[in-house]
Amino acid sequence: MNDESNEQTENRLIAERREKLGELRSRGNAFPNDFRRDAVAGELHAGYDGHTHESLEQERRVVHVAGRMMAKRVMGKVSFAKIQDRSGQIQLFIERDSISPERYQAFKGWDLGDIVGASGVLFKTKTGELSVRVEELRLLVKSLRPMPEKWHGMTDHELRLRQRYVDLIVNEQSRSVFALRTELIRFLRAFLDALDFTEVETPMMHPIPGGALAKPFVTHHNALSMDMYLRVAPELYLKRLLVGGIERVYEINRSFRNEGLSTQHNPEFTMLELYQAYAGAEEVMNLTQNLIREAARTLLGRDVIEYQGTEYDLGQPFAVMTIERALKDHNADLTDDNIRDPDVLKSLCEKQGVEVKADFGAGKLQIELFEKTVERHLEGPVFMTQYPAEVSPLARMNDEDPFVTDRFELFIGGREIANGFAELNDPEDQAARFHAQAQAKVDGDEEAMFFDEDYIRALEYGMPPAAGLGIGIDRLAMFLTDSPSIRDVVLFPHLKHEAD
RNA sequence: GGGCCGUUAGCUCAAUUGGCAGAGCAGUGGACUCUUAAUCCAUUGGUUGUAGGUUCGAUUCCUACACGGCCCA
């Protein structure tokens with residue numbers, strides 16, 4: 001939108017504020033950056049809320065505070081205002097005759113949302129609220145746009161996502177969700193660093209996408225004259241690092257999948273992936289359980305988490321169940337004798353309305369049926385184990401039963417939170433699996449993997465036996481903040497274009 | 001992809017059977033020296049998501065589209 005049309009469509013509230021800004025400009029720099037504060041609201045409350053009126057009068061603590069004006073109550077010759085900074089809010093007490101009638105008159109014209117700086121002595125009002133008795137008061141930034149309604153705030157979900165900056169100004173709940181998300185990531189680092197894991201960064205632009213069954217975004221590198229793919233997972237690079245001798249490695253990674261949006265899916269999402277040499281699926285399941293339990297204890301201080309009205313006890317050992325056991329529990333027609341029979345599985349899938357392709361084997365059919373009939377019932381926390389090799393092209397086959405791999409997924413509240421497995425480190429087996437994937441891609445499966453020759457070469461040097469894990473950080477953050485949608489835990493989620 | 005619901009002032013929401021589009025907050029002007037959603041008086045503010053249709057008349061009924069939400073696939 002250009003300036004002209006902006007002016008024409010601008011509503012009167014903005015026009016009035018713009019006029020005030022014009023006046024400020026005419027009297028000097030309207031956007032000063034020479035005010036320095038020496039305290040924030042939270043510190044002051046923590047340090048002085050317990051003090052008496054008398055002890056504060058004695059101490060005469062002078063503070064410089066700054067923030068956005070969120071409340072303004074003007075009386076004849078005295079006013080109250082509340083300013084909000086990163087740590088909370090503090091009240092300003094403004095007497096006309098303490099700051100001069102001219103300043104006071106100017107202050108009366110300031111608006112909610114303006115950013116102000118103030119200095120003065122800390123004291124307590126008659127009602128006992130810690131406040132700053134203002135001696136110096138400055139307007140630091142004129143806000144041109146009106147704040148949302150002061151009591152209801154901004155509740156429109158779409159507006160909150162599109163204008164996250166306003167959501168964060170007015171919704172404490174929203175600020176606390178993102179604060180917890182940040183703490184979660186800090187926790188993950190501390191947890192893994194303490195176990196001697198090494199954090200790394202691997203490419204986000206891949207010449208060959210790999211590491212997950214997912215459709216990638218494509219981009220183009222001009223100088224190299226080649227297409228590149230935004231990573232769908234960092235797995236194959238992290239496992240190259242196992243080959244390189246980084247025996248415990250992790251990456252907190254943004255990955256990208258060119259698929260639909262939902263309450264569980266954002267096209268870009270954040271994941272923790274880790275790999276541990278000389279460990280199997282059992283060890284990594286234990287690590288997963290400890291990590292999630294400790295995350296809840298550290299961030300929320302409890303084992304029992306309520307998510308969307310249901311309680312989940314993370315303090316108990318997580319349940320473990322095989323895919324086939326769950327399939328039999330939820331599909332009366334399935335028995336030990338027919339659970340790997342493609343024809344039986346196919347007819348059950350079709351009965352459930354699942355689209356089945358001719359090249360689907362028993363393993364793929366099992367997983368389709370699992371997603372359709374079992375997944376949403378998995379309240380959990382529960383580890384589902386023994387995923388079919390057919391749908392796990394990077395996982396090690398089970399020693400007793402090569403139909404399945406030593407793979408697990410963790411479900412809580414019907415949602416997949418984590419996925420891990422003993423890693424396939426046999427280069428010839430891996431090459432064969434890549435061939436099968438490449439064939440599936442030729443046959444039209446857009447999510448199938450490419451054949452990655454360099455990865456095979458790396459395996460040929462010898463990758464230590466290992467197990468790995470991926471945890472969806474967005475989904476874990478949803479769970480820990482009781483948020484129903486991934487969009488609630490992503491600062492700027494992707495949305496369709498705003499309607500004109 | 002299918003079904004249902006929603007979109008009205010900057011924000012939060014009303015509007016009876018199709019009959020003058022309203023309130024609170026915010027804003028503007030005024031009063032007020034301890035407020036807490038301050039209070040009191042006065043007052044401005046609308047392309048009812050977009051484009052069509054039906055009608056003397058549409059926020060209201062119909063169609064399409066856009067965006068969002070929920071459910072199903």
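The chains referred to below are lettered A, B, ... by the order of the sequence lines, with proteins before strands, and numbering in each begins at 1.
Across the protein-nucleic acid pair, E95(A) atom CD and rC32(B) atom P stand 16 Å apart, rounded to whole Å. Following rounding to the nearest Å, M147(A) (CE) and rG24(B) (P) show an atom-to-atom distance of 22 Å. The interatomic distance linking Q352(A) (CD) with rA73(B) (P) rounds to 9 Å, in whole Å. Rounded to whole angstrom, the span from the NE2 atom of H157(A) across to the C1' atom of rC70(B) amounts to 13 Å. Counting to the nearest Å, the P atom of rC34(B) and the CD atom of Q91(A) are 13 Å from each other. Going from atom CG of L112(A) over to atom C1' of rA26(B) covers 7 Å, rounded to whole Å. Between H152(A) atom NE2 and rG10(B) atom P there is a gap of 18 Å when expressed in whole angstrom units. Following rounding to the nearest Å, E16(A) (CD) and rU28(B) (C1') show an atom-to-atom distance of 6 Å.
rA14(B) sits 16 Å from rG24(B) when the P atoms are compared, rounded to a whole Å. Comparing the C1' positions of rU50(B) and rA42(B) gives a spacing of 38 Å, expressed to the nearest Å. Here the separation of rU47(B) from rU7(B), taken at their C1' atoms, is 15 Å to the nearest Å. rA21(B) and rG46(B) are spaced 8 Å apart, taking the C1' atom of each and rounding to whole Å. Only the P atoms considered, rG2(B) is 15 Å distant from rU63(B), to the nearest whole Å. Going from the C1' atom of rU55(B) to that of rA73(B) covers 40 Å, rounded to whole Å. For the C1' atoms, the distance from rG22(B) to rA9(B) is 10 Å, rounded to whole Å. With both ends at atom P, the span from rU16(B) to rU59(B) equals 12 Å, rounded to whole Å.
Judged purely by distance below 3.5 Å, without hydrogens or angles, the side chains of S483(A) and Y307(A) never pair a donor atom with an acceptor atom. For the 3.5 Å distance criterion, the side chains of E273(A) and N253(A) fail to qualify, holding no donor opposite an acceptor.
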TODO: Please step through ring pair (Phe, Tyr, Trp, His ring centres under 6.0 Å) for the pair F93(A) and F80(A), ending with a clear verdict.
DONE: CA-CA 5 Å; F93(A) 178 77; F80(A) 294 87; 5.2 Å; yes

Open item on the list: Show, in sequence, the C-alpha distance, side-chain angles and deciding distance for Y229(A) and F450(A), and conclude whether the ring pair (Phe, Tyr, Trp, His ring centres under 6.0 Å) test is met.
Closed with: CA-CA 12 Å; Y229(A) 302 87; F450(A) 290 74; 5.7 Å; yes

Open item on the list: One pair to check against salt bridge (Lys or Arg N to Asp or Glu O under 4.0 Å): E23(A) and R27(A). What are the steps and the verdict?
Closed with: CA-CA 7 Å; E23(A) 209 171 300; R27(A) 278 192 268 113; 3.5 Å; yes

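Looking at the side chain of T263(A), the nearest of the listed nucleotides rG68(B), rU36(B), rC70(B) is rC70(B). Closest to the W151(A) side chain, of the nucleotides rG27(B), rA37(B), rA38(B), is rA37(B). Among rC13(B), rG68(B), rC34(B), the nucleotide with an atom closest to any side-chain atom of R133(A) is rC34(B). Distances were taken from every side-chain heavy atom of E149(A) (C-beta onward) to each of rU33(B), rC32(B), rG24(B); the shortest belongs to rG24(B). The listed nucleotides are rC67(B), rC70(B), rC25(B); the one nearest the side chain of E158(A) is rC67(B). Taking the side chain of L13(A) as heavy atoms from C-beta on, and the options rC32(B), rU33(B), rG10(B), the nearest nucleotide is rG10(B).
Contacts of D156(A) with the nucleic acid, taken as non-hydrogen atoms under 4.0 Å apart, involve only primed sugar atoms and P, OP1 or OP2. Within 4.0 Å of E355(A), counting heavy atoms only, lies no atom of the nucleic acid at all. At a threshold of 4.0 angstrom between heavy atoms, the contacts of R160(A) with the nucleic acid are absent. Contacts of K20(A) with the nucleic acid, taken as non-hydrogen atoms under 4.0 Å apart, involve only primed sugar atoms and P, OP1 or OP2. In this structure, V170(A) reaches neither bases nor backbone, as no heavy-atom distance under 4.0 Å exists between it and the strands shown. Using a 4.0 Å heavy-atom distance criterion, L159(A) is classed as a sugar-phosphate-only contact. If you check every strand for non-hydrogen atoms under 4.0 Å, K372(A) touches sugar and phosphate atoms only.
Distances shorter than 4.0 Å separate none of the side-chain N or O atoms of R73(A) from OP1 or OP2 on rU35(B). Under 4.0 angstrom from either OP1 or OP2 of rA26(B) there lies at least one side-chain N or O belonging to K150(A). Listed pair R145(A) / rC11(B) fails the phosphate criterion, with no side-chain N or O lying under 4.0 Å from OP1 or OP2. Put simply, T127(A) has no side-chain N or O that comes within less than 4.0 Å of OP1 or OP2 on rU36(B). Phosphate contact (OP1/OP2 of rC34(B), side-chain N/O of K124(A), threshold under 4.0 Å): absent.
Base pairing of rA37(B): no nucleotide in any strand meets the Watson-Crick or G-U wobble criterion (both distances under 3.5 Å). Base pairing analysis places rA14(B) opposite nothing; no Watson-Crick or G-U wobble pair with both distances below 3.5 Å involves it. The partner of rC56(B) is rG19(B), judged by Watson-Crick or G-U wobble contacts that both fall below 3.5 Å. Nucleotide rU8(B) forms no Watson-Crick or G-U wobble pair with any nucleotide shown, as no partner meets the under 3.5 Å limit on both distances. Pairing of rG27(B), defined by two Watson-Crick or G-U wobble distances under 3.5 Å, is identified with rU43(B). Pair assignment for rU63(B): rA51(B), on the basis of Watson-Crick or G-U wobble contacts that are both within less than 3.5 Å.
No N or O donor and acceptor, one from the side chain of K126(A) and one from the base of rU35(B), sit under 3.5 Å apart. For a distance-only test at 3.5 Å, the side chain of T125(A) qualifies as a donor-acceptor partner of the base of rU35(B).
Between M228(A) and H220(A), every side-chain heavy-atom pair lies at or beyond the 4.5 Å cut-off.
Where L161(A) and V354(A) each meet RNA chain B at their nearest nucleotide, the meeting point lying more 5' is that of L161(A). For F123(A) and G153(A), each mapped to the nucleotide of RNA chain B holding its nearest heavy atom, the one lying further toward the 5' end belongs to G153(A).
Between the side chain of R475(A) and the backbone N or O of I486(A) there is no donor-acceptor pair closer than 3.5 Å. Between the Q437(A) side chain and the M449(A) main chain, a donor and an acceptor come within less than 3.5 Å of each other. A donor-acceptor pair under 3.5 Å links the side-chain atoms of E149(A) to the main chain of W151(A), judged by distance alone.
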